[in-house]
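Remarks on the structure that follows.
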Number of protein chains: 2
Amino acid sequence: MSRPMPERLAVFDLFAGLDAAAMDDIAAAAVERRLDAGEMFFLQSERAERFFVLVDGRVRLTQVTPDGQQVVVRFIMPGEGFGLVAVLAGNVYPLSAEAMDPAVGYGWDGPTFKTLMARHPELATRSLSLVAQRVHEFQARNRELSTERVERRIARTLLRLTNQSGTRQSDGVRIDLPLTRQDVAEMTGTTVYTVSRVLAGWHEAGIIDAGRKRIVIRQPHSLVAIAEDLPPAR
Amino acid sequence: MSRPMPERLAVFDLFAGLDAAAMDDIAAAAVERRLDAGEMFFLQSERAERFFVLVDGRVRLTQVTPDGQQVVVRFIMPGEGFGLVAVLAGNVYPLSAEAMDPAVGYGWDGPTFKTLMARHPELATRSLSLVAQRVHEFQARNRELSTERVERRIARTLLRLTNQSGTRQSDGVRIDLPLTRQDVAEMTGTTVYTVSRVLAGWHEAGIIDAGRKRIVIRQPHSLVAIAEDLPPAR
DNA sequence: CGTATTTTTGAAGCGATTCAATGGACGTGG
DNA sequence: CCACGTCCATTGAATCGCTTCAAAAATACG
């Protein structure tokens with residue numbers, strides 16, 4: 001729990017466009033937290049006191065439904081924030097945040113952040129844009145879930161993950177997350193079995209290359225075609 | 001397009017806790033818009049210039065998917081805002097807003113509202129809470145759509161609508177919206193046929209009373225039991 | 001009344017789930 | 001470096017929930 005460097009904040013979406021003085025002020029109020037792989041930043045249904053911006057590592061956000069099913073809500077990469085919505089709404093955390101690797105985050109509690117927003121109106125505007133963007137994402141995902149079939153949802157999810165954390169390789173784009181079929185199933189609202197079958201089919205067609213916790217997209221355009229429901233060949 | 005009365009703003013979530021001076025300032029910047037039933041406040045994919053707070057009437061928010069399917073996102077009742085997220089994010093409207101009755105709304109454009117937020121920090125905080133709440137709703141709905149069966153989703157949707165616009169009657173609680181089976185289907189991500197069958201089953205069991213564009217909940221606890229997946233009898 | 005909209009119902013079909021069981025990959029310790 | 005145990009992925013077969021299409025019935029409305 002040490003004091004973070006103000007310069008490092010500048011790279012984060014949430015703090016874009018703030019001047020040096022504001023940055024100092026905000027950084028002074030932050031608390032650094034370092035976690036090992038598998039440790040939790042916070043747990044679902046705890047009172048939401050503090051939100052974080054991820055500096056290093058990766059974080060998995062999961063939610064457990066009342067009847068015990070688990071859902072992967074999203075992954076957080078360095079520079080992104082998590083928990084902000086719950087803190088601002090003054091609720092409990094609606095999901096759990098687990099470090100997938102050794103991770104470092106900066107945290108602020110609600111009252112502190114509100115004070116900061118009052119002092120720096122630009123911060124409030126940025127927060128709003130970010131949260132608004134989050135609404136868009138969820139809305140899009142909602143529409144997907146209610147109108148699209150599983151294969152398409154999986155295609156979309158892989159493409160999204162590719163944008164978020166894909167690295168080019170000689171044979172395609174690799175998704176840089178240790179994703180199990182179970183994870184993909186929990187993100188798309190289906191089962192491990194179906195994911196396995198779908199991926200097997202795509203592998204057959206040469207669209208992807210998949211192994212244990214490893215997915216490489218060999219033909220992104222084919223995946224886009226599936227996601228957008230275009231005729232496969234043209 | 002006349003000037004709204006500041007006192008009327010006080011009842012709205014968005015402006016709760018603001019003092020009279022602030023209210024005057026905000027009201028002075030608002031534009032009133034009056035629509036007949038069937039007219040649109042705005043259309044999906046127009047540039048989002050202005051958001052509204054509904055003063056009177058009811059508004060249906062719908063979204064059309066790329067492949068032409070329609071989804072009912074939610075209904076807006078007096079006192080609620082709509083379009084805020086799109087305006088703050090500076091995007092196009094992700095959905096269309098249609099007046100179901102003759103409706104009255106107050107509107108603000110983005111730059112104006114940002115200026116107002118800078119002058120009244122309390123307004124920024126309130127906006128954030130509201131948008132945050134919206135995120136929660138969508139997140140909950142996401143979880144529903146990805147893990148629950150149709151019957152449960154319909155039960156939940158009816159309960160939600162009951163909370164939003166239900167009126168007590170001798171024989172139960174009536175949903176005060178002219179809801180077609182099609183509307184319910186579009187809210188729950190299913191088909192007219194399935195909705196009809198499910199409602200018929202519930203009517204059979206005495207849980208609801210339904211007619212053309214009319215649904216009355218006779219046994220809310222039974223519906224809750226279905227929504228929560230509890231054993232029906234106890 | 002006649003017409004349009006909304007709702008219901010039947011029957012067929014399919015996509016996805018479920019369960020059970022096998023097969024493969026990885027890490028660890030001997 | 002091999003052998004073992006564990007976790008992860010695959011596959012087949014049975015089943016089911018829901019959709020789809022077609023058509024009729026009910027309700028509202030001018």
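Chain identifiers are assigned alphabetically (A, B, ...) following the order of the sequence lines, protein sequences preceding nucleic acid strands; residue numbering begins at 1 within each chain.
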Interatomic distance, A:Arg152 CZ vs C:dA16 P [rounded to whole Å]
12 Å

Could you tell me whether B:Glu151 and B:Arg149 make a salt bridge, using a distance below 4.0 angstrom between a side-chain N and a carboxylate O?
no

Below 4.0 Å: OP1/OP2 of D:dA28 and any side-chain N or O of B:Lys213:
no

Measure CZ/B:Arg153 against C1'/D:dC18 and give the value in whole Å, please.
10 Å

Expressed as a whole number of angstroms, how long is the span from B:Tyr193:OH to C:dG13:P?
17 Å

Need to verify one output field. Residue with the more 5' nearest nucleotide on DNA chain D, A:Arg149 or A:Leu179?
A:Leu179

I want to check one thing: is the phosphate of D:dA9, taken as OP1 and OP2, less than 4.0 Å away from some side-chain N or O of A:Arg181?
yes

Between D:dA26 (P) and B:Arg214 (CZ): distance, integer Å
16 Å

Between CG of A:Leu199 and P of D:dT10 the distance, given in whole Å, is 7 Å

For salt bridge (Lys or Arg N to Asp or Glu O under 4.0 Å), just list the numbers for A:Arg33 and A:Glu39, CA-CA rounded to whole Å, side-chain angles, deciding distance to a tenth of an Å, and then say yes or no.
CA-CA 11 Å; A:Arg33 187 167 297 178; A:Glu39 292 185 318; over 6 Å; no

Give a yes or no on this: more than 12 heavy atoms of other residues, nucleotides or ligands lie within 6.0 Å of atom CZ of A:Arg47.
no

Please determine whether a side-chain nitrogen or oxygen atom of A:Thr191 lies at a distance below 4.0 Å from atom OP1 or OP2 of C:dT17.
yes

Ignoring hydrogens and angles, answer whether the base of D:dG12 and the side-chain atoms of A:Arg197 contain a donor-acceptor pair closer than 3.5 Å.
yes

Quick note, A:Thr190 side chain, CB onward, closest among C:dC19, C:dT7, C:dT17 is C:dT17

Describe the nucleic acid contact of B:Ser196 in one word from base, sugar-phosphate, nothing, applying a heavy-atom distance below 4.0 Å.
base

Report the distance from atom CD of A:Gln182 to atom P of D:dA9, rounded to the nearest whole Å.
9 Å

Output the rounded distance in Å from CD (B:Glu186) to P (D:dT19).
13 Å

To the nearest Å, how far apart are A:Glu204 CD and D:dT10 P?
12 Å

How do B:Val195 and A:Val195 order along DNA chain C: which one's closest nucleotide is nearer the 5' end?
B:Val195

Side-chain N or O of A:Thr194 versus OP1/OP2 of C:dT17: is the shortest distance under 4.0 Å?
yes

Looking across every strand, which nucleic acid part, if any, lies under 4.0 Å from A:Arg212 by heavy atom: base, sugar-phosphate, or nothing?
base

Check this for me, if you would: do A:Glu148 and A:Arg141 make a salt bridge, where the nitrogen-to-carboxylate-oxygen distance has to be below 4.0 angstrom?
no

Should A:Arg60 and A:Glu186 be marked as a salt bridge (Lys or Arg N to Asp or Glu O under 4.0 Å) after you check the CA-CA gap, both sets of side-chain angles, and the distance that decides it?
CA-CA 12 Å; A:Arg60 184 207 320 261; A:Glu186 286 173 11; over 6 Å; no

